[in-house]
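The structure appears right after this line, and notes come after that.
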There are 2 protein chains.
Amino acid sequence: MKKADINSTEIARLAGVSRSTVSRVINNYSNVPAETREKVLKVIQQYNYFPNVSAQVLAGKRARTIGLFLIEQGNVSGDMLTNMLIVSVIEHASEHGYYVLTHIIRDAKDTEMIKNVKEIFFQRRIDGGIFIGAASHEPFIEELIDEGFVIGIVDQTLSDHPEPNRIVSKYNNDSGMKQAVAYLAGLGHARIGVINGDMNRLSGQTKYEGYQTAMRMCGLQVNPNWVLDGDFHENSGYMAIQKLISQEADLPTAIIAANDSVAFGAIRALKEHNLRVPEDLSIIGFDDHAMSEKHHPALTTIRVDFSDMLKRMTTYLITKIEQKTLDTKEITVDCSLVVRESCRRI
Amino acid sequence: MKKADINSTEIARLAGVSRSTVSRVINNYSNVPAETREKVLKVIQQYNYFPNVSAQVLAGKRARTIGLFLIEQGNVSGDMLTNMLIVSVIEHASEHGYYVLTHIIRDAKDTEMIKNVKEIFFQRRIDGGIFIGAASHEPFIEELIDEGFVIGIVDQTLSDHPEPNRIVSKYNNDSGMKQAVAYLAGLGHARIGVINGDMNRLSGQTKYEGYQTAMRMCGLQVNPNWVLDGDFHENSGYMAIQKLISQEADLPTAIIAANDSVAFGAIRALKEHNLRVPEDLSIIGFDDHAMSEKHHPALTTIRVDFSDMLKRMTTYLITKIEQKTLDTKEITVDCSLVVRESCRRI
DNA sequence: CTGAAAGCGCTTACAG
DNA sequence: CTGAAAGCGCTTACAG
């Protein structure tokens, strides 16, 4: 009530200097003698003074805030991965003295919602933003990039003429799928199906392509009836299996799911049909979701180091915001097989 | 690059009015004729203009941002509950047109970290804040309240002379513990132990007190050797059981854990000693963690509706920020038993 | 109904 | 080394 009302004029008066000097001390200007500096700092300390951030921003400083935008229709809360992503960004931003404003976009097609997102940038609430879960091509994000905002996009590749304000991270899904197929092939599987992710997202496509390539490399046939639609959500895995079982007499011996959530859904559906994993059918997931280890059966999956990716993305974003660099940034994320209990030898 | 540079002066010029009028339109003043209003709105639309939020705040408007502070030493990312809490606050704040700045406090004893938290308030980055995971009495939070900031604290009760800027939510842990003990008693258990939570937090105390009361009410004896220390984290459940088994020949037939994470840890330890749940020992958790249903065995627990609590807390906080009310706010959260598979009849 | 002007709390050339 | 002054982009009494 009292201390909160202190401003730089007041500090200047109390320290017997001008506001200019107070500002110089706060901003660590070199041309302030140690003595003056100490004097001012003492008053600042004593009165618990913190410069008003709006005034600072208006005068040209950065907001030191980045936006984190999650494009996710389902209940974000249900997914541990999302949690990890949020916390990961917050913690790494914090290390650089930045804050994170998190925003959830339920529907990237809703004009109102998009306007709201743009507003956050144009209002200058944030110095830059990270998008997670976007489609391969999302017009409003492109618009933001055209406006010059510094933007990081997870799961995207750089074009031939990348803008300097675009940062991108891509998963090595090709490698992941090759490992999955190789492992299954090694266990003796030849009848391998796949439940796809959202094909509007880069990972949806690249995972499917990776699957096809890997199958070919291993000399295995892709049975189109075992290529199932999905969208990265648990329920789509469930539905995919329901549909497969109701329509196909001839089942695969193994299925690779676009991610672990999808795998969980698939296993749930299999259980309902009294099919056991891995006894009757082997399942491999993707991501290494926090739940996968605890799952019953423990899920064999392709681990992706999201935390490290987000750390790098956050750091690059902040570096770009502070204009220390103008080079283009494309982060590549490797993935590796984690063997657990959801696949068996045949 | 271009549109982003538009300001109210420019809009005024383009619409042929003064900045005052532009501002009146933006802030929905009633004394602007529909015609003028439309004219200005059209230009605003056309140029994709959004008022600079720092300027607005500096001129006296609210930042429309609330802080969410999670006091959590362990890896926040590992806990689904935390995720739900974060997302819950974000979504409800969003409904009121507010943004959320999330901040993680790893150590509430670290002076630097506390200073950082205070800074967020004093800098006027946020209009108010919610604290989750705080100790029963946290000096720096009290200081913030003394300064007049609007603050919501989860897991706290109101004192006799509550400040109007303090909002509090408390769990009905007494009821929860009574239900847990009653259920176990009903199954024939008389030898019931408990793994406590963090006794520095209100819930840690009230859960333990509830356990004692409930045992007395059911005419059951509390064996001090079966009252185990914990801190709400998974590992403390594990450690508690390790210690119990190594020191006690005489084991309880049922244990109530301070929360589900602790229960998971306890079950993990029991498994390592080849003790089965519920065959050899019954376990009840607390919270109904997202994982509890999927856990093996599915965990019988006391469900707490965190999402609803946070919804109310967020709404109250924003209402208070907008000074629509001056009355005191204490949110009470009920809880109820969810029977699954971790307890057996004896 | 509407504009000119003061003010919000900073930062940073500018001048000395 | 340091202060006076302009300026950042808004809002809101004030006066008409």
Side-chain angles (χ1 to χ4, degrees), chain A residues 3-41 43-44 47-65 119-127 322, chain B residues 3-41 43-44 47-65 119-127 322:
Chain A
K3 288 192 258 167
D5 292 342
I6 285 279
N7 59 22
S8 75
T9 308
E10 203 61 7
I11 296 291
R13 198 178 54 72
L14 290 159
V17 297
S18 72
R19 293 159 68 214
S20 314
T21 301
V22 172
S23 182
R24 286 191 191 100
V25 169
I26 288 168
N27 293 293
N28 277 311
Y29 275 45
S30 55
N31 55 355
V32 181
E35 200 182 348
T36 312
R37 192 181 158 66
E38 291 314 320
K39 187 173 58 181
V40 174
L41 239 27
V43 179
I44 288 178
Y47 285 82
N48 226 300
Y49 166 71
F50 295 96
N52 181 305
V53 75
S54 294
Q56 288 187 120
V57 172
L58 200 54
K61 305 240 97 167
R62 273 175 219 105
R64 299 191 79 82
T65 306
E119 185 175 27
I120 297 174
F121 283 89
F122 283 105
Q123 284 184 325
R124 302 282 155 181
R125 274 184 189 274
I126 55 180
D127 304 314
E322 308 200 325
Chain B
K3 288 194 260 170
D5 292 342
I6 284 280
N7 59 21
S8 76
T9 308
E10 202 62 7
I11 296 291
R13 197 178 55 71
L14 289 159
V17 296
S18 72
R19 291 159 69 214
S20 314
T21 300
V22 171
S23 183
R24 288 193 190 98
V25 169
I26 287 168
N27 292 293
N28 277 312
Y29 276 45
S30 54
N31 56 354
V32 181
E35 198 182 349
T36 311
R37 194 184 157 65
E38 292 313 321
K39 187 173 59 182
V40 174
L41 239 28
V43 178
I44 287 179
Y47 285 82
N48 226 299
Y49 166 70
F50 295 97
N52 180 305
V53 76
S54 294
Q56 288 187 121
V57 172
L58 200 54
K61 306 242 94 166
R62 273 175 218 104
R64 298 191 80 81
T65 305
E119 185 174 29
I120 297 175
F121 282 89
F122 284 106
Q123 283 185 325
R124 302 283 155 180
R125 275 184 189 274
I126 55 179
D127 303 313
E322 309 199 324

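The shown structure was predicted, so the numbers you read here are calculated from the model rather than taken from an experiment. Per chain, numbering begins at 1; letters A, B, ... match sequence-line order.
- Summarising the geometry, the separation between CD1 on Ile44(A) and C1' on dG9(C) is reported as 14 Å, rounded to the nearest angstrom.
- Side chain Arg124(A) to base dG9(D): no donor-acceptor pair is found below 3.5 Å.
- Going from atom CD1 of Ile6(A) over to atom C1' of dC8(C) covers 16 Å, rounded to whole Å.
- Contact annotation for Ser20(A): base contact, defined as any heavy-atom pair under 4.0 Å involving a base atom.
- Residues Val57(B) and Ala63(B) approach most closely at CG2-CA, 3.7 Å, considering heavy atoms.
- Between dT2(D) and dA6(D), the distance separating the two P atoms is 22 Å to the nearest Å.
- Closest to the side chain of Arg24(A), out of dC10(D), dT11(C), dA4(D), is dA4(D).
- Note on Asn52(A): only backbone sugar-phosphate atoms sit closer than 4.0 angstrom, heavy atoms only; bases stay farther off.
- Rounded to an integer number of Å, the gap from Leu58(B) CG to dC10(C) C1' is 8 Å.
- Checked against dT2(C), dG3(C), dG9(D), the side chain of Ala59(B) finds its nearest nucleotide in dG9(D).
- Taking atom CZ of Phe50(B) as the reference point, atom C1' of dG9(D) lies 16 Å away to the nearest angstrom.
- For Arg19(B), taking side-chain heavy atoms from C-beta onward, the closest of the listed nucleotides dT11(D), dT2(D), dT11(C) is dT11(D).
- Closest approach of Arg124(B) and Asn52(A) over heavy atoms only: CG-ND2, 3.9 Å.
- Minimum interatomic distance between Ser18(A) and Ala12(A) (heavy atoms only, all atoms of both residues): C-CB, 3.7 Å.
- One interatomic measurement links the two molecules: NZ of Lys61(A) to C1' of dA13(C), which rounds to 14 Å at whole-angstrom precision.
- Among the candidates Val43(A), Val32(A), Ile11(A), Val40(A), the single residue satisfying the side chain to side chain contact (heavy atoms under 4.5 Å, CB included) test with Val17(A) is Val40(A).
- At dC1(D), none of the side-chain N or O atoms of Asn31(A) fall inside 4.0 Å of OP1 or OP2 (strictly under the cut-off).
- Remark: Tyr29(A) is in phosphate contact with dT12(C), judged by side-chain N or O atoms under 4.0 Å from OP1 or OP2.
- An OP1 or OP2 oxygen of dC10(C) is reached within less than 4.0 angstrom by a side-chain nitrogen or oxygen of Tyr49(A).
- Rounded to an integer number of Å, the gap from Asn7(A) CG to dG9(C) P is 5 Å.
- Between the P atoms of dA13(D) and dG9(D), the separation comes to 23 Å (whole Å).
- Of the candidates dT11(D), dG3(D), dC10(D), the closest approach to any side-chain atom of Ile26(B) belongs to dT11(D).
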Could you check Ser23(B) against Tyr29(B) for side chain to side chain contact (heavy atoms under 4.5 Å, CB included), going step by step and ending with a plain yes or no? CA-CA 9 Å; Ser23(B) 183; Tyr29(B) 276 45; 6.0 Å; no

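- Base pairing analysis places dA13(D) opposite nothing; no Watson-Crick or G-U wobble pair with both distances below 3.5 Å involves it.
- Here dA4(D) sits opposite no nucleotide as a Watson-Crick or G-U wobble pair (both hydrogen-bonding atom distances under 3.5 Å).
- Spacing between atom CG of Asn28(B) and atom P of dT11(D) amounts to 11 Å, rounded to whole angstrom units.
- At a threshold of 4.0 angstrom between heavy atoms, the contacts of Ser54(B) with the nucleic acid are absent.
- Using a 4.0 Å cut-off, no side-chain N or O of Thr21(A) falls inside it from OP1 or OP2 of dC1(D).
- A close approach under 4.0 Å does not occur between any side-chain nitrogen or oxygen of Ser23(A) and OP1 or OP2 of dC10(C).
- Looking at every heavy atom in both residues, Arg125(A) comes nearest to Thr65(A) through O-CB, 3.7 Å.
- For the pair Arg37(B) CZ and dT2(C) P, the interatomic distance rounds to 13 Å; values are reported in whole Å.
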